[in-house]
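Please read these numbers as outputs of a predicted model, since none were measured by experiment.
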Amino acid sequence: MTTRFRRALPTVARYVDDRIVRWRTGTSEGQVAVLVGLIVMATGILAVSLASYNTFPAATFVIPMLLGTMALRYRPLLILVLFIVVTIAITVTLETVQNGMTTGRVSTLVVMAIVAIIVLFESSRHRSGLPGPLGEAMLVDLRDRLQAQGAVPPLPPGWSSQAAMMSAGGAKFAGDFLVARLSDDESRLEMVLVDVCGKGVAAGTQSLQLAGALGGLIGALPPLGLFAAANDFLVRQNWNEGFATAVHVLVDLPSGDYSIINAGHPPALRWHNGSKAWEIDGARGTALGVLKRPDFHQTIGTLDEGDALMFYTDGVVESRTQDFTAGIEWLRTAAAGVVSNGFDQAARRILELVDSGKDDRAVLILTRSGLVAPSAEDIATSASRPNPAHP
């Protein structure tokens, strides 16, 4: 008996896992399986309620109803609610025949009717056609996929990057995002930091769309062509607040040469290791989605060993008590203090100095350390050389 149970256990586990996967993907099969399970639960409650109404009164049926709200689409949920209404009618009728109607029982029935109406109304308003947890899971999965494509890949020795982002009010969806691509030969790094108009969740869906568009085009188009395509995309959307600011940087990693294009974004800052100061980059341009033919200006430069580039969104430098220009000067001073002892966790430490406001905040730092780790061949060659101190 035990052996048969052990053999059947993996099969049952696979079946349950398959049902869960089907439910999470919103398939009809998964919905039917959940509906059947909740009907069985309601039937079990009915059986116990008929045997002992005081143990499981009519209010107990709210449990499968609320579970259905979280797991079922509107039509399966409607079937479940109608079934629960029938079960409540059966158990209440039997209890009333045996012991008479009470004021408390009437109140319970009224509350259950109101709960059923609210549950069905809320479910009918889901624009995705999915119950709340499934719809949220789909959006979170999309966000995670887009954030994964925006993560800066591991860079060759001598280079490092770091990014830190905080959304307004701590929301999971924000209007700031990063898109990055490292060429196959690891010689060219391309990054775009974008700030979609709006705050927090309000800008979240728009940033998801634009992030997907930019993620598919970065590396396939030249920088100016990439911004022109992004501008056309935003113009076609006809959003109420359909514009975004962005800054693009293209770096030739072997030489340190870089170019920056700015589309209405706060100016980039360059750290000069020699002067130990952040200097303001001169790239300027029109925000994306404002004009059909925007104007972009490009700046070029070279990062030497110890130099760095910093990009950020307006939430870092603007607030109700601080204007844009004063905010940039504050950032130059604050960031110089942060990196005076090294760039480790510099982006996160800079954001921690920013007053928590009502705007999304993001900082991206690219550093050329110039410290290239020796290869295995270099180590072997060095070990084979005789030490002059020990002939």
Side-chain angles (χ1 to χ4, degrees), residues 150 152-153 155 159-165 176-183 187-196 210-211 214-215 217-231 243-275 277-290 294-317 324-325 327-329 331-332 335-336 339 343 346-347 350 362-368:
V152 180
L155 300 180
W159 291 90
S160 63
S161 69
Q162 53 184 294
M165 296 186 181
D176 299 345
F177 66 89
L178 170 68
V179 178
R181 181 183 182 274
L182 181 65
S183 62
S187 64
R188 288 161 60 91
L189 174 66
E190 193 170 358
M191 298 186 295
V192 183
L193 180 62
V194 183
D195 182 4
V196 175
L210 184 56
L214 286 176
L217 294 176
I218 189 170
L221 294 175
L224 289 174
L226 178 65
F227 269 22
N231 184 76
F243 71 91
T245 66
V247 60
H248 176 283
V249 59
L250 177 63
V251 185
D252 182 74
L253 298 179
S255 66
D257 295 339
Y258 68 85
S259 65
I260 295 176
I261 301 176
N262 193 311
H265 206 76
L269 298 180
R270 172 179 171 169
W271 173 258
H272 279 273
N273 190 41
S275 61
W278 290 98
E279 296 184 359
I280 300 175
D281 183 77
R284 300 291 186 273
T286 309
L288 302 175
V290 176
D295 187 24
F296 303 125
H297 296 282
Q298 186 180 59
T299 58
I300 59 174
T302 302
L303 288 180
D304 298 320
E305 293 183 5
D307 291 351
L309 290 172
M310 178 166 62
F311 309 93
Y312 52 95
T313 56
D314 58 1
V316 177
V317 295
F324 187 74
T325 304
I328 293 177
E329 290 304 315
L331 178 60
R332 291 178 63 194
V339 304
F343 282 86
I350 290 172
V363 173
L364 168 65
I365 298 178
L366 175 67
T367 310
R368 186 179 190 185

**Student:** Contact between Val249 and Glu190 at the side-chain level, heavy atoms closer than 4.5 Å - yes or no?
**Tutor:** no
**Student:** Using side-chain heavy atoms (C-beta onward) and a distance below 4.5 Å, is Leu288 in contact with Phe243?
**Tutor:** no
**Student:** Please determine if Arg270 and Asp307 form a salt bridge, counting it only when a charged side-chain N lies under 4.0 Å from a carboxylate O.
**Tutor:** yes
**Student:** To the nearest 0.5 Å, tell me how far Thr299 OG1 sits from Asp281 CG.
**Tutor:** 3.5 Å
**Student:** Carefully, step by step, assess Ile300 and Asp257 under the rule side chain to side chain contact (heavy atoms under 4.5 Å, CB included).
**Tutor:** CA-CA 7 Å; Ile300 59 174; Asp257 295 339; over 6 Å; no
**Student:** Evaluate the side-chain proximity of Leu253 to Leu182: yes if any heavy-atom separation is below 4.5 Å, no if none is.
**Tutor:** yes
**Student:** What's the spacing between Met310 CE and Leu193 CG if we round to 0.5 Å?
**Tutor:** 11.5 Å
**Student:** Identify the heavy atoms of Ala263 and Phe296 that sit nearest to each other, and give their distance.
**Tutor:** CB-CE2, 3.6 Å
**Student:** Could you walk me through whether Met191 and Leu178 pass the side chain to side chain contact (heavy atoms under 4.5 Å, CB included) test, one step at a time?
**Tutor:** CA-CA 7 Å; Met191 298 186 295; Leu178 170 68; 4.3 Å; yes
**Student:** If only atom types and distance count, is the side chain of Asn231 paired as donor or acceptor with the main-chain N or O of Gly289 below 3.5 Å?
**Tutor:** yes
**Student:** To the nearest 0.5 Å, tell me how far Thr367 OG1 sits from Leu303 CG.
**Tutor:** 9.0 Å
**Student:** Kindly give the heavy-atom pair with the smallest separation between Ile218 and Arg181, and that separation in Å.
**Tutor:** O-CD, 3.4 Å
**Student:** With side chain to side chain contact (heavy atoms under 4.5 Å, CB included) as the test, would you mind laying out the steps for Tyr312 and Asp176 before giving the verdict?
**Tutor:** CA-CA 10 Å; Tyr312 52 95; Asp176 299 345; over 6 Å; no
**Student:** Can you check whether Leu366 reaches Leu155 side chain to side chain, under 4.5 Å on heavy atoms?
**Tutor:** yes
**Student:** What heavy-atom pair brings Ile260 and Ala268 nearest, and what distance separates the two atoms?
**Tutor:** CD1-CB, 4.0 Å
**Student:** Got Ile280 and Pro267 here, is their nearest side-chain heavy-atom distance under 4.5 Å?
**Tutor:** yes
**Student:** How far apart are the closest heavy atoms of Phe227 and Ala246, and which atoms are they?
**Tutor:** CZ-CB, 3.8 Å
**Student:** Using a 4.5 Å cut-off on heavy atoms from C-beta on, say whether the side chain of Val339 contacts that of Trp271.
**Tutor:** yes
**Student:** Going by heavy atoms in the side chains, are Phe177 and Leu214 under 4.5 Å from each other?
**Tutor:** yes
**Student:** State, with a plain yes or no, whether a side-chain heavy atom of Ile365 is found less than 4.5 Å away from one of Phe343.
**Tutor:** yes
**Student:** Working to the nearest 0.5 angstrom, can you tell me the gap between His248 NE2 and Phe311 CZ?
**Tutor:** 10.0 Å
**Student:** I need the minimum non-hydrogen distance between Leu217 and Ala229, along with the two atoms involved.
**Tutor:** CD1-CB, 3.8 Å
**Student:** What's the separation between atom CG in Leu250 and atom CG in Leu189, rounded to the nearest 0.5 Å?
**Tutor:** 8.0 Å
**Student:** Check whether more than 12 heavy atoms from other residues, nucleotides or ligands sit under 6.0 Å from atom CZ of Arg188, and answer yes or no.
**Tutor:** no
**Student:** Just by distance, with hydrogens left out, do Asp295 and Thr286 show a side-chain donor and acceptor under 3.5 Å apart?
**Tutor:** no
**Student:** Which pair of heavy atoms, one from Ala347 and one from Gln162, lies closest together, and at what distance?
**Tutor:** N-OE1, 2.9 Å
**Student:** Where do Val194 and Thr245 land on the side chain to side chain contact (heavy atoms under 4.5 Å, CB included) test, with the steps shown first?
**Tutor:** CA-CA 6 Å; Val194 183; Thr245 66; over 6 Å; no
**Student:** With rounding to the nearest 0.5 Å, note down the distance linking OG in Ser160 to CZ in Arg368.
**Tutor:** 12.0 Å
